[in-house]
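Position 1 is the first residue of the sequence, and the numbers go up from there. Values below: every heavy atom of this structure, side chains too, minus hydrogens, waters and symmetry copies.
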Amino acid sequence: GVGSALIRKEFINVSRTPEYMFSYFAIAAAMPIMVYSCYTLFYSLIENALGLKIDFSLALLIVLVFGVLTNTFCATNVSRDGISALSTKTYPVSPSRIMGAKVVFCMIVSSLSVVLSAALLVVLTPLGWMNGLIVAVFGVMFSAAQIFIATRLDLNNAHVASGPLETERTAEKTTTKVVFVGLVFAMIVGVSSLVVSIFSGAAAGAQGLDMSYIIPFAITVVYLLLSVMYYSINIEKSFYNLVS
């Protein structure tokens, strides 16, 4: 179908550029190892220093933070096409389909990276499979929100007709904004869960839904809804304004 063809086009464009191949696939593939290493380090540190066994909140914080740091490729969803991005305006396809293919393309790899990170923690650490599943769901939602924001920011600010240097400079600014916003929300979600977990007794092994799950879920849902709204409102107008 049209959607699969557009996604395949994105994959071909990326696979032909070694720089994008590294920033997209290699870093995403390394995320599970980085998450596992960081989790085991901080888990041991907190257990030895405070005598607390915090699994879910710590895993959530680390997965979200590394998800934000490794999912920066989406900030070039439009600008990486260069001058050829202008030709997409002649496609007999709606702008939302064209931009949607870019979002889905990024979500495929980022979601796999998050799920593998959570699975690795479940297999190799005390994190239970239910907590691992919840962490994966939160991570995928968070990655989707970041991709929506980054794609729309890049669409609004890309100067594809101004040459590669200006395009790269604009993409760097977009990446900085996306990472900053993502890290702020990741820290709010992760730290709020961590603090509530410590003071509510969840760290001691309490079971069931408690505030260390509910508060992060509420913040993540709000973040995702806001990002979808920001991405979708007047996207056709921004797409057709992409001239320079």
Side-chain angles (χ1 to χ4, degrees), residues 22-47 49-50 52-75 106-107 109-128 131-151 153 172 174-198 202-203 211-224 226-227:
F22 176 79
S23 63
Y24 190 49
F25 296 112
I27 294 178
M31 178 181 161
I33 304 300
M34 293 188 290
V35 166
Y36 169 73
S37 301
C38 194
Y39 177 87
T40 52
L41 175 66
F42 279 98
Y43 187 87
S44 300
L45 184 65
I46 292 173
E47 184 179 14
L50 303 177
L52 298 174
K53 293 184 177 181
I54 301 173
D55 44 22
F56 169 75
S57 300
L58 182 61
L60 179 62
L61 175 61
I62 291 173
V63 168
L64 293 188
V65 168
F66 276 102
V68 169
L69 295 176
T70 58
N71 188 27
T72 57
F73 181 80
C74 54
C106 286
M107 284 184 63
V109 172
S110 65
S111 297
L112 280 174
S113 186
V114 167
V115 170
L116 286 174
S117 298
L120 196 64
L121 292 181
V122 169
V123 173
L124 300 178
T125 73
L127 186 70
N131 281 338
L133 180 62
I134 297 173
V135 167
V137 171
F138 277 41
V140 169
M141 292 170 64
F142 218 82
S143 294
Q146 185 179 3
I147 292 168
F148 280 123
I149 292 174
T151 303
L153 265 177
E172 288 175 356
T174 302
T175 302
T176 302
K177 293 176 184 177
V178 170
V179 170
F180 176 76
V181 173
L183 284 178
V184 168
F185 274 94
M187 293 303 293
I188 291 173
V189 170
V191 172
S192 65
S193 177
L194 204 60
V195 171
V196 172
S197 179
I198 291 173
M211 297 306 289
S212 65
Y213 294 83
I214 297 172
I215 292 177
F217 179 74
I219 298 172
T220 303
V221 168
V222 170
Y223 179 44
L224 179 59
L226 289 175
S227 68

Looking at residues at least two apart in the chain, or sitting in another chain, which of them share a side-chain contact (heavy atoms from CB on, under 4.5 Å) with Val184? Phe180, Ile188
Looking only at heavy atoms, what is the nearest atom pair of Ile215 and Ser192, with distance? CG2-OG, 3.8 Å
Any side-chain heavy atom of Ile149 sitting closer than 4.5 Å to one from Gln146? no
Donor-acceptor list for residues 57-69 side chains, cut-off 3.5 Å, not counting sequence neighbours:
residue: Ser57; atom: OG; partner: Ser193; partner atom: O; Å: 3.1
residue: Ser57; atom: OG; partner: Ser193; partner atom: OG; Å: 2.8

What distance do Ile219 atom CD1 and Phe142 atom CZ have between them, rounded to the nearest 0.5 Å? 9.0 Å
Could you tell me if the side chain of Ser197 sits less than 4.5 Å from the side chain of Phe56, heavy atoms only? no
Among pairs that include at least one residue of residues 215-224, which meet side-chain hydrogen bond (donor to acceptor under 3.5 Å, both in side chains), considering only residues two or more places apart or in two chains? none
Let me check something: any side-chain donor-acceptor pairs from residues 26-40 under 3.5 Å, sequence neighbours excluded? List them with distances.
residue: Ser37; atom: OG; partner: Ile33; partner atom: O; Å: 2.9
residue: Thr40; atom: OG1; partner: Tyr36; partner atom: O; Å: 3.0
residue: Thr40; atom: OG1; partner: Ser37; partner atom: O; Å: 2.9

My understanding is that only residues two or more places apart in sequence, or in another chain, count here; which of them pass side-chain contact (heavy atoms from CB on, under 4.5 Å) with Val222? Leu226
Listed by chain and number, what are the side-chain contact (heavy atoms from CB on, under 4.5 Å) partners of Ser143, not counting sequence neighbours? Asn71, Ser110, Val114
N/O donor-acceptor pair under 3.5 Å between Thr151 side chain and Phe148 backbone: no
Is the shortest heavy-atom distance from the side chain of Asn131 to the side chain of Tyr213 under 4.5 Å? yes
Could you check Met211 against Ile214 for side-chain contact (heavy atoms from CB on, under 4.5 Å), going step by step and ending with a plain yes or no? CA-CA 5 Å; Met211 297 306 289; Ile214 297 172; 4.2 Å; yes
Let me check something: any side-chain donor-acceptor pairs from residues 117-126 under 3.5 Å, sequence neighbours excluded? List them with distances.
residue: Ser117; atom: OG; partner: Ser113; partner atom: O; Å: 2.8
residue: Thr125; atom: OG1; partner: Leu121; partner atom: O; Å: 2.3
residue: Thr125; atom: OG1; partner: Leu127; partner atom: N; Å: 3.3

Mind listing the closest non-hydrogen atom pair of Leu224 and Ala144 along with its distance? CD1-CB, 4.1 Å
